[in-house]
Amino acid sequence: MTDFKVVMIAKSIQQAIIIGGGIGGLCTAIALRQIGIDVKVYERTKAFERVGAGLAGWANAMRALRKLGLADQVIEAGSVFGRAEIRDPSGRIFQSGDFAELERPRGEPSVAIHRAELHRILVSVLPHDILHLGTKCTGVKQDADKVTVQRADVQTDQTDCVIAADGLHSVVRQQLFPGSKLNYAGRTSWRVIAATQDQAPLTTISQTWGCGQRFGFVSVDPHHVYWFAVSNLPEGQTYPPEARKEFLIRRFQGWHQPIEHLMDVSPAETIVEALIYDIDPLTLKAPRRVPRW
Ligand SMILES: Cc1cc2nc3c(=O)[nH]c(=O)nc-3n(C[C@H](O)[C@H](O)[C@H](O)COP(=O)(O)OP(=O)(O)OC[C@H]3O[C@@H](n4cnc5c(N)ncnc54)[C@H](O)[C@@H]3O)c2cc1C
């Protein structure tokens with residue numbers, strides 16, 4: 001977005017409500033405050049807890065975080081990686097590369113970080129009174145000039161603009177684009193932060209590709225490695241926390257180190273399971289405004 005457009009938007013919109021206090025919602029809140037918009041964030045969870053596993057912020061994401069004034073804090077809290085390796089299950093590298101080419105035009109490194117650390121940094125630069133925790137949005141209604149946000153506690157709020165950052169199961173997206181649906185991608189993922197550094201080089205992001213399954217890992221700080229596993233599975237074939245580790249050890253048996261080591265040092269209850277979904281692109285034919293009252 002050009003600076004010109006930003007100024008035009010800021011002139012017509014003085015207030016905004018952002019639905020969802022995840023990474024997207026909080027980054028948007030910080031950006032809108034930078035151009036003078038009065039923002040409130042509605043987040044359904046009652047408290048931000050230290051949940052999730054790791055995220056890789058590539059150079060373009062770091063450039064966006066630089067604009068938000070947060071790149072140095074994220075680099076400090078995470079771990080810079082400058083090399084990628086792709087292996088087969090025996091450990092043979094079949095592709096590798098350094099990121100100098102990717103990073104040079106953007107002037108930023110790529111950084112892996114615990115999702116909770118990134119989230120903590122975003123929360124720390126926002127005034128607490130704009131974060132409305134325990135506030136669940138149930139829908140939006142628009143009239144000629146304002147948008148009304150409906151809340152699960154039956155209160156309503158009016159504002160100039162609503163930004164839906166309420167994640168995969170967004171109620172706002174479903175209302176605005178009733179035809180949109182989640183498509184199961186045919187695979188399920190498991191994510192963990194493991195307390196170890198053994199055999200995981202600090203500056204390399206690594207993936208191993210097998211038949212219908214993948215394993216990846218990267219350091220998020222000098223004492224922790226983020227690892228993830230992905231496997232083709234029928235939708236709904238999930239595992240309770242205590243069964244996940246055993247399933248994964250069986251599934252990745254015989255794969256090169258440190259894969260077995262990373263699974264060994266990870267308590268079963270820390271393994272986060274998530275089915276992978278995408279949505280079809282939202283078409284412009286869908287109503288851009290919800291019906292009037
Ligand atoms: C708890 C959590 C842990 C995650 N851990 C990882 C991870 O370890 N690695 C990884 O790669 N990705 C992880 N993800 C996904 C990743 O953060 C997102 O896919 C990505 O950052 C995009 O963020 P988002 O802000 O669009 O959506 P999300 O991060 O999904 O955030 C959506 C937010 O909206 C809130 N919300 C939803 N519905 C409503 C409603 N009706 N009213 C008010 N609030 C609502 C949710 O509670 C959530 O905080 C995680 C997401 C969550 C929510």
Side-chain angles (χ1 to χ4, degrees), residues 16-32 39-58 60-62 64-65 68 70 74 77-79 110-123 126 130-140 147-157 159 162-176 182 185 187-194 205 207 214 216-221 224-230 244 266 270-279 282:
I17 293 179
I18 296 169
I19 313 298
I23 308 293
L26 296 186
C27 286
T28 309
I30 295 165
L32 292 184
V39 177
K40 287 189 214 167
V41 178
Y42 286 180
E43 167 55 48
R44 69 179 169 187
T45 53
K46 292 201 170 79
F48 288 134
E49 283 168 9
R50 219 181 141 71
V51 288
L55 290 171
W58 298 77
N60 54 341
M62 293 306 297
L65 287 165
L68 298 182
L70 300 173
V74 171
S79 178
S110 298
V111 178
I113 188 167
H114 195 313
R115 183 189 183 275
E117 274 298 289
L118 175 59
H119 197 265
R120 176 191 62 75
I121 291 168
L122 299 175
V123 170
L126 285 167
I130 72 158
L131 301 174
H132 297 256
L133 299 184
T135 305
K136 183 176 176 185
C137 168
T138 52
V140 293
V147 189
T148 301
V149 177
Q150 298 158 322
R151 299 166 32 169
D153 59 10
V154 301
Q155 292 192 45
T156 56
D157 282 309
T159 185
V162 167
I163 293 161
D166 48 345
L168 187 64
H169 301 280
S170 166
V171 292
V172 182
R173 183 183 62 233
Q174 208 53 50
Q175 184 185 344
L176 296 177
L182 298 179
R187 50 193 189 272
T188 292
S189 71
W190 298 268
R191 298 185 182 114
V192 184
I193 296 283
I205 189 164
Q207 278 209 32
R214 270 187 299 139
F217 60 91
V218 63
S219 299
V220 289
D221 66 41
H224 295 92
V225 174
Y226 163 50
W227 65 262
F228 65 87
V230 182
R244 284 174 199 161
S266 303
T270 64
I271 302 177
V272 179
E273 184 177 68
L275 280 67
I276 311 280
Y277 290 92
D278 57 35
I279 55 167
L282 303 174

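Just follow the structure's listing: the first ligand is 1, and inside any ligand the first atom is 1.
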What are the atom names and distances for all N or O pairs under 3.5 Å between ligand 1 and the protein?
from     : atom 1 : to     : atom 2 : distance (Å)
ligand 1 : 8 (O)  : Ala53  : N      : 2.5
ligand 1 : 8 (O)  : Gly54  : N      : 3.4
ligand 1 : 9 (N)  : Gly54  : O      : 2.9
ligand 1 : 9 (N)  : Arg191 : NE     : 3.3
ligand 1 : 17 (O) : Arg115 : NE     : 2.8
ligand 1 : 25 (O) : Ile23  : N      : 3.4
ligand 1 : 25 (O) : Gly24  : N      : 2.8
ligand 1 : 29 (O) : Arg115 : NH2    : 3.1
ligand 1 : 41 (N) : Cys137 : O      : 3.0
ligand 1 : 42 (N) : Cys137 : N      : 3.0
ligand 1 : 44 (N) : Arg44  : N      : 3.1
ligand 1 : 47 (O) : Glu43  : OE2    : 2.7
ligand 1 : 47 (O) : Arg44  : NE     : 3.1
ligand 1 : 49 (O) : Glu43  : OE1    : 2.6
ligand 1 : 49 (O) : Glu43  : OE2    : 3.3

Answer yes or no: is there a donor N or O on one side and an acceptor on the other, between the side chain of His119 and the main chain of Gly21, under 3.5 Å?
yes
Side chain Ser189, main chain Ala274, donor-acceptor under 3.5 Å
yes
Check: Gln175 side chain, Val140 main-chain N or O, donor-acceptor pair, under 3.5 Å:
yes
Flag, side chain of Arg191 to backbone of Ala53, donor-acceptor distance under 3.5 Å:
no
With Thr159, the side chain to side chain contact (heavy atoms under 4.5 Å, CB included) member among Asp157, Val162, Ile163:
Val162
Counting only N and O atoms by type, is there a donor-acceptor contact under 3.5 Å from the side chain of Thr28 to the main-chain atoms of Gly24?
yes
